[in-house]
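Everything below concerns the one structure shown next.
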Amino acid sequence: MALINGQDTTADNACSGQAAVQAIIGESESTSTIALTKTTGPFNIPVISPAATCECLSNKREYPSFFRTIASDYYQSRALAYLVKHLGRSCIQ
């Protein structure tokens with residue numbers, strides 16, 4: 001929390017400094033990214049994840065400073081369903 005608040009760990013316990021962190025590269029799992037984003041959310045520090053795919057993280061009301069570099073589970077499942085339908089079952093064995 002001292003890192004997020006910009007607080008010097010040798011200084012007093014006041015949480016009034018500006019955040020030293022500009023953004024956080026998130027975890028590789030959705031569950032741990034959710035916990036991280038809920039912790040950093042009140043500080044408006046962006047969390048960017050290369051692998052968290054949970055559709056719940058797309059809710060901008062709950063996770064306004066979360067960004068991903070991979071499609072959510074919703075879009076991945078739709079793309080796979082489209083491929084199966086387009087290519088037919090014989091090609092996917």
Side-chain angles (χ1 to χ4, degrees):
M1 294 309 288
L3 178 66
I4 291 172
N5 284 324
Q7 179 182 3
D8 186 358
T9 55
T10 59
D12 60 4
N13 290 331
C15 294
S16 60
Q18 184 169 342
V21 177
Q22 301 302 315
I24 297 173
I25 303 300
E27 300 286 332
S28 59
E29 297 176 354
S30 295
T31 310
S32 52
T33 300
I34 289 168
L36 175 63
T37 303
K38 285 186 183 237
T39 304
T40 60
F43 301 98
N44 293 321
I45 296 174
V47 174
I48 305 164
S49 177
T53 59
C54 180
E55 175 62 22
C56 64
L57 288 164
S58 296
N59 182 346
K60 286 300 179 187
R61 285 188 185 148
E62 195 167 347
Y63 305 102
S65 56
F66 172 76
F67 303 93
R68 68 173 102 230
T69 60
I70 188 171
S72 71
D73 289 336
Y74 174 78
Y75 291 109
Q76 288 187 50
S77 61
R78 286 183 59 133
L80 286 174
Y82 173 80
L83 283 173
V84 169
K85 184 178 177 183
H86 182 73
L87 298 175
R89 290 186 59 140
S90 62
C91 294
I92 314 273
Q93 292 181 351

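Every heavy atom of this structure was used, including side-chain atoms; hydrogens, water molecules and symmetry mates were not. Residue indices begin at 1 and follow the sequence shown.
One hydrophobic cluster, built from ILVMFWY side chains closer than 4.5 Å, holds both L57 and L36. Cluster annotation: I24 and F43 are assigned to the same hydrophobic cluster (Ile/Leu/Val/Met/Phe/Trp/Tyr, side-chain heavy-atom contacts under 4.5 Å, transitive).
For Q76, there are no side chain to side chain donor-acceptor pair (under 3.5 Å) partners at least two apart in sequence or on another chain.
Nearest heavy-atom pair across S65 and G41 is OG-CA, 4.2 Å. Heavy-atom minimum distance, R68 versus A71: CD-C, 4.2 Å. G26 approaches P50 most closely through the heavy-atom pair O-CD, 4.1 Å.
For T53 and D73, the side-chain atoms include at least one donor-acceptor pair closer than 3.5 Å. Counted by atom type alone, R78 and Y82 present zero donor-acceptor pairs between their side chains at under 3.5 Å.
Atom NZ of K85 has 12 or fewer heavy atoms from other residues, nucleotides or ligands within 6.0 Å. Within a 6.0 Å sphere centred on OH of Y75, heavy atoms belonging to other residues, nucleotides or ligands number 12 at most.
T37 OG1 to F66 CZ: the interatomic distance, rounded to the nearest 0.5 Å, is 6.0 Å. Atom OG1 in T33 sits 12.0 Å away from atom CD1 in I48 (nearest 0.5 Å). Rounding to the nearest 0.5 Å places OG of S58 at 10.5 Å from OH of Y63. Note: S30 OG to E55 CD = 10.5 Å, rounded to the nearest 0.5 Å.
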